[in-house]
Asker: 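Encoded as structure tokens, here's the structure I'll be asking about.
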Amino acid sequence: MKVGEIMTRDLTSVEKDISVKELIFILDNAEMSNMPIVDEEGKLIAFISAKDVIKAALPGYFEMLHSASFIPDMNQFAKKLGQIADEPVEKHMHTDVICVEVDDDDLQAADLIIRKNLKSLPVVDVERRLVGVVRRIDLLHHLL
Amino acid sequence: MIVTVTPNPSVDVTYWVDRLKIGKETQEEYLTRATDSSISAGGKGINISIFLARMGLENIAMGFVGGYTGHVVLRALRDEGVTTNFVWTGSGETRTNLTVLEHGHEHVPILIDGPGVAVAESEMNRFMRRYRRMLKVAEWVVLAGSLPPQANLAFYHELTELAKQAGAKVAVSAGASCLTHCLPAAPNIIKPDIREHLSFEWMKLRTREEIISAGKRIVQGGVEMMIVSHEVIGDIVITPDSIWEISARVQTTQFRNLVGADDALLGGVIYQIYNGAGIEQALRFGLAAGILSAESPEKVCMDIGQIEHEMANVSLKRI
């Protein structure tokens, strides 16, 4: 089966200059955990997840710790999140975005989702315009 | 690609009842138990998107959604194969529209439409960026339905201008006040909402003569086609070259659900024109789709074969 036959036909996406605060609003309302980022032509240029925002808001020394239990409380996290809230998502997005084309096989999408541990995968057309997303549940739903 | 815009979508809840009693009648609280019910995504542009998808035409639906009912709208559209591109609003839930159909009186439904939620300036800006992006792939844009509370009445005018600049054709189906603001941008097709009081700033549209007179004036301004549902089973269509009366040989008592029938009509006309059909074929197909939708308990007709069969019952007269 082609990816285009199993994907969720949704174009929810953001531009690279929107703020982190706006991104959180959209992720929350749309119940998404990550978001494709497109240019003014609708072409996929990057990707950002809620996890990326959390990482950006954690204290700088967090990477050196083995456990979050070393952090005294959530105040530092909240403070840092407040500091980056008005920053453009461009500052925290990934440009090495993994995606599939609409005519690719569903197996290719499944392979990427499993190997890269992704919750969803943007789908683009031959001109790299965003045309949908494949979620883990899309694969399961269509395999049954 | 066809892009539809529904600025004020809804969740349409329909109840079928044997007999509807209301408090005024009984002077006491009275429970009416429905014999059947349905929930669907609604709003004029959304109905047209679903109709087009059922005809096999890929299309993208845009607009504003909010809250739990916003998710209901998106899920229903995606299940129909419509691509969604909606802006989330933070000011409340997408509205719910209620229809009550009493057995034997389905042709006179009781309709209660919610007002919808206001859209913040930042959300409107977000929509406009997405809309400009969609214009890069749009050949037709359908702007349909009411505007959210407090929205600028010139909203459709701006969207029409941008679409035409991008080389897309535009159809607008809305109330007269919204259409009046939109006319200077000269959409290709307009369809005034017959459920509202029909009048343009300079003229009422009560009689056949008034509709024709207003239509002639409107097409002089650049609109290529004005479709007005003058009677339940008939329309007047005005183009720069011709005036048409289209009607169907059916009894209104055969109607089972009028909600969405008007949208199936416009969807049918656009479907045919998009596929290169002439005006007569498009109008016949459109009215047949509208009539079949009205005769079906479902909002919009699903079966292209049935529509083509029904076209034999549509008469078209040039006047």
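Within every chain, numbering begins at 1; the chains are lettered A, B, ... in the order of the sequence lines, protein sequences first and strands thereafter. On a predicted model such as this, the values are computed, not experimentally measured, just so you know.
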Asker: By a 4.5 Å heavy-atom criterion (distance strictly below it), what part of D39(A) contacts chain B: side chain, backbone, both, or neither?
Answerer: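 For D39(A), the contact with chain B is made by the backbone alone.
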Asker: Among D17(A), I18(A), V131(A), which residue forms the greatest number of heavy-atom pairs with chain B at distances under 4.5 Å?
Answerer: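 Top count of heavy-atom pairs under 4.5 Å with chain B: D17(A).
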Asker: Give, for atom CG of L130(A) and atom CG of N85(B), the distance between the pair rounded to the nearest 0.5 Å.
Answerer: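 One finds 8.5 Å between CG of L130(A) and CG of N85(B).
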Asker: Counting only heavy atoms closer than 4.5 Å, note whether T12(A) contacts chain B via side chain, backbone, both or neither.
Answerer: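 Both backbone and side chain of T12(A) come within 4.5 Å of chain B.
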Asker: With a 4.5 angstrom heavy-atom cut-off, which part of T89(B) approaches chain A: side chain, backbone, both or neither?
Answerer: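 For T89(B), the backbone is the part near chain A, not the side chain.
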Asker: What do you reckon, is CD1 of I39(B) surrounded by more than 12 foreign heavy atoms closer than 6.0 Å?
Answerer: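 Counting other residues, nucleotides and ligands, CD1 of I39(B) stays at 12 neighbours or fewer.
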Asker: Using heavy-atom distances under 4.5 Å, tell me whether E123(B) contacts chain A through its side chain, its backbone, both, or neither.
Answerer: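 Just its side chain gets close to chain A.
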Asker: Which of the residues R132(B), R78(B), M134(B) is involved in the greatest number of heavy-atom pairs with chain A at under 4.5 angstrom?
Answerer: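 Among the listed options, the one with the most contacts to chain A is R78(B).
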Asker: Can you tell which part of I60(B) gets under 4.5 Å to a heavy atom of chain A, answering side chain, backbone, both or neither?
Answerer: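 Looking at I60(B), just its side chain touches chain A.
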Asker: Should we say atom CD of E308(B) is surrounded by more than 12 heavy atoms from elsewhere, each under 6.0 Å from it?
Answerer: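 Yes, the 6.0 Å shell around CD holds more than 12 heavy atoms from other groups.
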Asker: Is there side-chain contact between R133(B) and L11(A), with heavy atoms separated by less than 4.5 Å?
Answerer: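 Result no, sub-4.5 Å side-chain heavy-atom pair not found.
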Asker: Return the minimal non-hydrogen interatomic distance between F25(A) and W88(B), and the atom names on each side.
Answerer: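 Residues F25(A) and W88(B), closest heavy atoms: CE2-O, 3.5 Å.
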Asker: Name the option with the most non-hydrogen atom pairs under 4.5 Å to chain B; the candidates are M7(A), E41(A), E22(A).
Answerer: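 Most pairs with chain B among the choices: E41(A).
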Asker: Other residues, nucleotides and ligands only: do more than 12 of their heavy atoms fall within 6.0 Å of NZ on K119(A)?
Answerer: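 Counting other residues, nucleotides and ligands, NZ of K119(A) stays at 12 neighbours or fewer.
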Asker: Measuring heavy-atom distances to chain A, does V87(B) have an atom under 4.5 Å in its side chain, in its backbone, in both, or in neither?
Answerer: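 Neither part.
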Asker: Just checking I112(B): does its CD1 atom have more than 12 heavy atoms from other residues, nucleotides or ligands closer to it than 6.0 angstrom?
Answerer: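 Check fails, neighbour count at 12 or below.
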Asker: If you look at every heavy atom in N29(A) and H71(B), which pair is closest and at what distance?
Answerer: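 In terms of heavy atoms, the two residues are closest at O-NE2, 2.9 Å.
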Asker: Are there over 12 heavy-atom neighbours, none belonging to H141(A), within less than 6.0 Å of that residue's NE2?
Answerer: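 No, NE2 of H141(A) has 12 or fewer neighbouring heavy atoms, counting only those of other groups under 6.0 Å.
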Asker: Is the count of non-hydrogen atoms from other residues, nucleotides or ligands lying under 6.0 Å from E40(A) atom CD greater than 12?
Answerer: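 Enclosed.
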Asker: Find out whether K136(B) and E127(A) are in side-chain contact, i.e. whether some heavy atom of one side chain is under 4.5 Å from a heavy atom of the other.
Answerer: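 No, their side chains stay 4.5 Å or more apart.
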Asker: Could you report the tightest heavy-atom contact between S13(A) and R130(B), atom names first, then the distance?
Answerer: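 The answer is O-NH2, 3.4 Å.
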